Number of protein chains: 2
Amino acid sequence: MATIYDVARRAEVSVATVSRVLNGGSVDPVLAERVTKAVAALRYRPNLVARSLRTQRTRLWAVIISDVRNPFFTDMVRGIEDVASAEGYSVVLCNSDEDEAKEADYVDVALAERMAGVILSPSSYRAAHVNSLASAGCPVVLVDRELDGVRADAVLADNEQGAHIATKHLVEQGFERIACVTGPREYSTAAQRLSGYHAALTEAGRDADESLVRFADFREPGGHAAMQSLLDGPKRPDAVFVANNLMTIGVLRCLTERRLSVPGDVGVVGFDELPWAELVRPTITTVGQPTYEEGRVAAEALVRRIKNPNAEPTRTVLPTHLHVRESSVRGR
Amino acid sequence: MATIYDVARRAEVSVATVSRVLNGGSVDPVLAERVTKAVAALRYRPNLVARSLRTQRTRLWAVIISDVRNPFFTDMVRGIEDVASAEGYSVVLCNSDEDEAKEADYVDVALAERMAGVILSPSSYRAAHVNSLASAGCPVVLVDRELDGVRADAVLADNEQGAHIATKHLVEQGFERIACVTGPREYSTAAQRLSGYHAALTEAGRDADESLVRFADFREPGGHAAMQSLLDGPKRPDAVFVANNLMTIGVLRCLTERRLSVPGDVGVVGFDELPWAELVRPTITTVGQPTYEEGRVAAEALVRRIKNPNAEPTRTVLPTHLHVRESSVRGR
DNA sequence: TTGTAAGCGTTATCAT
DNA sequence: ATGATAACGCTTACAA
C-alpha cells in the first residue's frame with residue numbers, strides 16, 4: 001500500500017505538504033492539485049493506525065452490550081451507530097453475553113486499543129470495570145442500567161414510571177392477583193421496575209404480596225420458570241407484569257403450554273417492545289422504551305464527554321409508553 | 001498512560017526485555033519477575049495502536065452486514081464474534097442498511113484502519129467493493145450472498161434446496177396455486193430460492209406460472225405489497241412461499257388485514273427462522289438456516305484466509321431445514 | 001540472555 | 001507557504 005512518502009515523491013512535494021492537503025492546511029493550489037492527482041493515481045489511503053499513534057487518539061468507540069440478539073439492544077446500537085458515523089467514529093460492537101469476565105476482556109481491549117470512548121450496558125452490578133475505564137481517563141457512558149457509586153454519564157428509561165403505568169393498567173382492567181416477574185435484584189432496572197409495580201399496587205390500596213413476585217434472570221428460560229413457579233404457588237395470579245422482553249416470551253410459552261388463555265385466564269403486560277407484538281394472537285400489551293433514542297442520546301453524551309472530559313456527569317431519563325393491546329384487556 | 005519505557009525504567013531493564021516478557025521471548029526469570037511487577041504496579045497496558053503500526057497488522061475485523069435488526073444477522077454475528085474472540089480478534093460491526101454508499105464507506109474505513117479482514121454480506125450485487133478490498137490485499141469472506149465474477153471465500157445456505165423442500169411440502173399438502181415472493185432478481189439468494197421453487201413445481205409435474213411470482217425487496221413493506229398484488233392478481237394463490245423473514249412478516253400482515261385465514265385460505269412457508277414462529281397463531285412453517293453456524297464457518301474461513309492469503313477460494317454451502325408448523329398444514 | 005537502535009506512517013514543530 | 005525532522009510506542013535485527 002502506498003504511503004505518504006510515495007505520494008510526496010510522485011507529486012514532487014514534501015510529506016508535510018501532502019499532510020497539509022489531506023488535513024486542510026494552507027497550501028498553494030498548484031501543489032495541492034498535484035497532490036490530489038497523486039493520491040488518486042496511487043489509490044492512497046492515509047494509514048489511520050499511524051495517524052492514531054501520532055495524534056494520540058482514535059476514531060473508534062467500543063459499545064459493550066449484554067446481548068446482541070436482544071432486539072432492545074440492536075435498536076439501541078442503531079441509534080448509536082447513526083450518531084457515531086455522523087461524527088466520524090466507527091463502532092466496535094462487543095457482546096458481553098451477561099458475562100462479567102467477557103465484559104472485563106472487552107474493557108481491556110478498549111483501553112489497549114486506546115479507543116476514543118466506551119458505551120456500556122453493564123453485565124455486572126459491580127463498578128470495577130467502569131472505574132478502570134474512568135481511572136485510565138477513557139470516556140464512558142452507561143446505558144440502560146446504572147451502577148451504585150459510579151460517577152459517569154448515564155442514559156436510562158424511566159423504569160419506575162413504566163412499571164407503574166403497566167401495573168396500574170392491569171389494576172384498572174379489574175385483575176385481582178397481579179404478579180411481577182422481574183430481573184436480578186442487583187440490577188437497577190430490575191429494582192426500579194419492581195418498585196414501580198409496588199407503587200402502583202399501593203396507590204390502588206392493595207397490599208404487596210411477595211408470594212406474587214419472582215426474581216428471574218432477564219432471559220427467556222428464566223421467565224418460563226418464574227411463570228411456572230407462580231402458577232404452582234399458593235396464590236395463583238390472574239395477571240402478570242413481566243420486566244423485560246425475553247422473559248415475556250418465556251412467560252407466554254409457559255402459558256401456552258399450560259393451555260391457559262391470555263388474557264382470559266392470565267393478563268400479560270411486558271416491559272420492552274417486541275417486534276412481533278402485533279403479530280401474535282393475542283397481541284401483547286407492552287411498555288415501550290425509546291430504544292433508538294436511548295442509543296442516540298447515549299452517543300451524543302459520549303461526544304460531549306470526549307470534547308469535555310471534566311464536565312459534571314449527566315443522567316438522562318427517557319419516558320416510556322404503554323401500548324395497550326389484547327393481552328391485558330378484559331373484553332367481557 | 002504508562003509506556004513500555006516507564007516499565008523498563010522501573011524494572012531496571014531495557015525496553016526490549018520488557019517486550020520479550022510481554023510477547024513470550026526467552027528471558028531470565030529474575031528479570032521477568034521484575035518486569036511483571038512493574039507492569040502491575042504501573043497498570044501498564046501495551047498500546048495496541050503502536051504495536052499495530054510496528055507489526056503491520058491489527059486485531060480487528062470488520063463485519064459489514066445489511067441490517068443489524070434482522071435476527072438472521074444478529075445470530076450470525078454471534079457466531080462470528082465467538083470465533084473472533086477465541087482467536088484474539090475484535091469485531092467492528094458495520095451496518096450498511098442495504099445502502100451501497102454506506103457499504104462503500106465502511107469498506108474504506110476497514111482499509112484505512114488496516115483491519116485484519118472483512119466479513120461482508122453484500123448490499124449490492126456489484127463486485128466493486130469486494131474488488132477494492134481484494135486489490136488492497138485485504139482478506140474478505142462473503143456471507144449469505146455471493147457475487148458474480150468475484151474470487152473470494154463464500155459461506156452460503158443451500159438456498160435452492162431450502163426453497164425446494166418448502167415448495168414440495170406445500171405441493172404435498174395439496175395446495176394448488178402456490179405463489180412465490182422472492183427478493184430482487186440481482187441477488188443470488190433471491191435467484192436461487194426462486195429456482196428451487198421452480199424446480200419443485202416442475203418435479204411435481206406442474207407448469208411454472210409467472211403470474212404467481214413476485215420480486216420484492218426482502219423487506220417487510222415489500223412483502224406486504226407483493227402479497228396484495230398476488231391476491232388482486234388474475235390467479236389468486238392458495239399458498240405462498242416467501243423468500244425471507246422480513247417479507248414473511250409483511251405477507252402475514254397483509255393476510256391478517258384481508259381477514260384471510262392461514263392456512264385455510266392461504267398456506268404460508270417462510271424462508272429464515274423467526275424467533276417468534278412458535279408464538280404466533282397459527283405457528284409459522286419456516287425453512288431454517290443454521291445462522292450461528294454460518295457466522296462461525298465464515299469466521300473460520302477468514303482465519304484461514306489471513307494465515308494463507310494465496311489459497312484457492314472456498315465456497316461452503318450449509319444445509320437448511322424445514323420446520324413444519326401450522327401455517328402450511330391442511331388439517332382437514 | 002540482554003541492550004541498542006532502526007523503523008512502522010503519520011503529524012507537528014521549527015526553520016527557511 | 002514549504003520542507004526537514006523529531007516524535008508517537010512499540011517490535012525486532014543486530015551486536016555484545
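Below, chain A is the first sequence line, B the second, and so on; all start at residue 1. What you see is a predicted model, and the numbers here were worked out from it, not measured in a lab.
Atom CG in A:L53 sits roughly 12 Å away from atom P in C:dT11 (whole-Å rounding). Distance B:R9 CZ to D:dG9 P: 12 Å, rounded to the nearest Å. Remark: P of C:dT10 and CZ of A:R45 are 13 Å apart, rounded to the nearest angstrom. Note: CG (B:L31) to P (C:dT2) measures 4 Å, nearest angstrom. A:M1 has its CE atom 17 Å from the P atom of C:dC8, to the nearest Å. One can place CG of B:N23 at 11 Å from P of D:dC10, the figure rounded to the nearest angstrom. Rounded to a whole Å, the CD atom of A:E12 is 15 Å from the C1' atom of D:dT2. Counting to the nearest Å, the P atom of D:dT11 and the CG atom of B:L22 are 7 Å from each other.
Regarding contacts with the backbone of D:dA7, every side-chain N or O of A:R54 stays at 4.0 angstrom or more from both OP1 and OP2. Contact check, B:N47 against D:dC8: no side-chain N or O comes under 4.0 Å of OP1 or OP2. Taking side-chain N and O atoms only, B:Y44 has a distance below 4.0 Å to OP1 or OP2 of D:dC10. Taking side-chain N and O atoms only, B:S14 has no distance below 4.0 Å to OP1 or OP2 of C:dT4. Side-chain nitrogen and oxygen atoms of B:Q56 include at least one within less than 4.0 Å of the OP1 or OP2 phosphate oxygen of C:dG9.
Atom CG of B:N23 has more than 12 heavy atoms from other residues, nucleotides or ligands within 6.0 Å.
Across all strands shown, A:V13 has heavy atoms under 4.0 Å from sugar-phosphate atoms exclusively, and none from any base. B:L48 comes within 4.0 angstrom of no nucleic acid atom, judged by non-hydrogen atoms across all strands. Across all strands shown, B:T17 has heavy atoms under 4.0 Å from sugar-phosphate atoms exclusively, and none from any base.
Comparing B:R20 and B:V49 by the nucleotide of DNA chain D that holds the closest heavy atom to each, the one mapping nearer the 5' end is B:V49. Mapping B:A16 and A:R51 onto DNA chain C via the closest heavy atom, the residue that lands nearer the 5' end is B:A16. The residue among B:S26 and B:T55 whose nearest nucleotide of DNA chain C lies closer to the 5′ end is B:S26.
Between A:E146 and A:R315, at least one side-chain nitrogen of the basic residue sits less than 4.0 Å from a carboxylate oxygen of the acidic one, meeting the salt-bridge criterion. With respect to A:R296 and A:D82, no salt bridge is recorded, no charged nitrogen being found less than 4.0 Å from a carboxylate O.
Distance from the side chain of B:I4 is smallest to D:dT11 among D:dT2, D:dT11, C:dT2.
Side-chain polar atoms of A:T291 and A:D75 form a donor-acceptor pair below 3.5 angstrom.
A cation-pi arrangement is absent between A:R78 and A:Y292, since the terminal nitrogen or guanidinium carbon is not both under 6.0 Å from the aromatic centre and inside a 45° cone about the axis.
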